[in-house]
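Values below: all heavy atoms of this structure, side chains included; hydrogens, waters and symmetry mates excluded. The shown structure was predicted, so the numbers you read here are calculated from the model rather than taken from an experiment.
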Amino acid sequence: MKETIRVVFASLFLLFCFSTSAIAANETPTTAVKGELPPGLIIPEVARPGPAFNVDKATEAYVNLLNDEQRAKSDAYFENGYYLDVADTLIVVLIAAFLLFSGISRRMREMAKRVSHRPWLYTTIYVAMYFVLIFLLTLPWNIYMGFFREHAYGLATQNFGAWFGETLLGLGLSVLFGAPVLAIIYAAVRRVGKSWWAWTGAISFVFIIFFAMIAPVFISPMFNEYKPLPAGELRESLLSMARASEIPADNIYVFDASKQTTRISANVSGMMGTTRISLNDNLLNRTSPEEIRAVMGHEMGHYVLNHSLRLVVYITLVLTFGFLFVHFAFDGLLKHYGKRWDVSDRGDPAGLPLAMALLTIFMTVMTPLNNSITRQAEAEADAFGLAVAGEPHGFATAAMRLSTYRKIRPGELEEIMFYDHPSGYARVYRSMTWLKENQQDSRVVKAMQNNQ
Ligand SMILES: [Zn+2]
């Protein structure tokens, strides 16, 4: 046991060195750049509708709202993310190798078996220990990624205590829910033999739907307070949009994200009876009504186009191929190393670090596919939002605000590989294209009169 503890601490130290050197290698030192755009709707002169309106020039005018310093900062934040994602995968693989070759994984299984010899129970105990150990081993990395890096770019608002409290809550939830789910998957794996990957895909689908359903009701409120949108002109205009799209009006909420982040955002969450649209208080308090209507039009697009269910189906399919990959790679590696690791077969929980590492490698390789599946749905919601809200300047301004931390104009291949949303440039371009074709839209005419 003493030796185990020593090995754990040694690896903690190694990981800490690794993550701090990654900081030094990847981060450009950030002076306190005030990254934000000024509040209120922004309409560059060139982007005003008229007979000479030109989509490219109007788009350029919006993009140029970011000065060189802001653009360098958002490019750096986003591009470093590419390397950090790869480092993330590397860490999972290194930890798996460490747990298997050091015999820690085998010893964890023996400890769990001392409590009970029932497979479902010792598997649950093993998985719980695995989650806690992974949490400890990746803590320095996660502190850097989730806390220091976010603060360095002015995106986080929490102090360390509050951040760490929420991180612990996240660990508690993954042990509470993740351990039984994995125990169920292991029970299936032990029963069904070679077709386990297909069964695991089906089980994953059921659990993803289940957690999507309970998330807005039980999980999100643990991190943020959700309230109905306060009465007033804005609420009325959003409710009118909701009614026009046949979205139940009592499903619009505001949540206090400003306690964690400076980002503006909104989302659709839940499934079937629990589906709702939530906007965060940064969006509500720091942007114009036109931007809010544009963003909420986008979210309503997700709702009406039933993206939640569609994305769950697509992602489950990718995951199932991931399980198939694990099936072949796991059995192959076990032939060579099974004795050395003391992992008997794929139903042995001591092999979990290997299965997790293989699945992580697969999902990293599939990043462009997963991003493209999501980005396509996002582009559809963009088109829906423009049509239903009729706020091209609101959407372009919001896209520019998001571009203070997302690289605004990636290369074509870069966008396919790394973007799960259309880039800021693509969104402004779409807004200006819509505007060109809808200059006589009564909402556009009215907005221009108000903004003379
Ligand atoms: Zn979206």
Steps toward side-chain contact (heavy atoms from CB on, under 4.5 Å) verdict (Arg107, Met129): CA-CA 11 Å; Arg107 268 176 267 176; Met129 286 196 288; over 6 Å; no
Carboxylate-amine/guanidinium contact Arg409 Glu60, below 4.0 Å: yes
Distance, nearest 0.5 Å, that separates OG of Ser102 from CH2 of Trp341: 11.5 Å
Ile252 vs Met300, side-chain contact (heavy atoms from CB on, under 4.5 Å): CA-CA, chis, key distance, verdict: CA-CA 10 Å; Ile252 298 179; Met300 288 177 195; 4.2 Å; yes
Geometric class of the Tyr82/Phe78 ring pair [parallel <30°, tilted 30-60°, perpendicular >60°]: perpendicular
Steps toward side-chain contact (heavy atoms from CB on, under 4.5 Å) verdict (Val304, Val388): CA-CA 11 Å; Val304 171; Val388 77; over 6 Å; no
Tyr130 vs Met356 side-chain heavy atoms within contact, under 4.5 Å: yes
N/O donor-acceptor pair under 3.5 Å between Thr360 side chain and Thr89 backbone: no
Least distance between heavy atoms, Ala383 atom then Arg430 atom: CB-NH1, 3.5 Å
Note, Tyr314 side chain near Thr374 side chain (heavy atom, < 4.5 Å): no
Side-chain heavy atoms of Tyr419 within contact of Glu378, under 4.5 Å: no
Interatomic distance, Leu133 atom CG to Ile95 atom CD1 [nearest 0.5 angstrom]: 8.0 Å
Non-hydrogen side-chain atoms of Thr287 and Val295 separated by less than 4.5 Å: no
Sidechain-backbone polar pair: Asp382 side chain, Arg427 backbone, donor-acceptor under 3.5 Å: no
Student check: side-chain heavy atoms of Leu65 and Thr397 closer than 4.5 Å: no
Ring-ring centroid check Phe211 Phe177, cutoff 6.0 Å: yes
Phe160 and Phe164 aromatic ring geometry - parallel, tilted or perpendicular at 30°/60° bounds: parallel
Backbone of Leu171 reached by a side-chain donor or acceptor of Ser174 within 3.5 Å: yes
Check: His307 main-chain N/O paired with Glu380 side-chain donor or acceptor under 3.5 Å: no
Atom pair CZ/OG of Arg375 and Ser372 - distance to nearest 0.5 Å: 3.5 Å
Phe207 and Phe210 aromatic ring geometry - parallel, tilted or perpendicular at 30°/60° bounds: perpendicular
Arg71 side chain vs Leu66 backbone, donor-acceptor pair below 3.5 Å: no
Geometric cation-pi criterion, Arg276 with Tyr253: 6.0 Å, 45°: yes
N/O donor-acceptor pair under 3.5 Å between Glu415 side chain and Ser423 backbone: yes
Check: Thr138 side chain, Trp141 main-chain N or O, donor-acceptor pair, under 3.5 Å: no
Residues Asn370, Ile315; criterion side-chain contact (heavy atoms from CB on, under 4.5 Å); working and verdict: CA-CA 7 Å; Asn370 286 330; Ile315 298 301; 3.8 Å; yes
pair Ser431-Tyr62: side-chain heavy atoms closer than 4.5 Å: no
Side chain to side chain, Ser220 and Tyr226, heavy atoms closer than 4.5 Å: yes
Smallest separation among heavy atoms of Met241 and Ala389, with atom names: CE-CB, 4.0 Å
Six-ring centre of Tyr77, Arg149 cation under 6.0 angstrom, axis tolerance 45°: yes
Separation of Leu169 CG from Phe223 CZ (nearest 0.5 Å): 4.0 Å
Interatomic distance, Ile185 atom CD1 to Trp196 atom CH2 [nearest 0.5 angstrom]: 9.0 Å
Heavy-atom donor-acceptor pair, Arg346 side chain to Val326 backbone, under 3.5 Å: no
Side chain Thr157, main chain Thr261, donor-acceptor under 3.5 Å: yes
Nearest-0.5 Å distance, CD of residue Glu225 to NZ of residue Lys259: 8.0 Å
Exam field: side chain Asn224 to backbone Asp256, donor-acceptor pair closer than 3.5 Å: yes
Test item: Val313 and Phe205 side chains (from C-beta on) under 4.5 Å apart, heavy atoms: yes
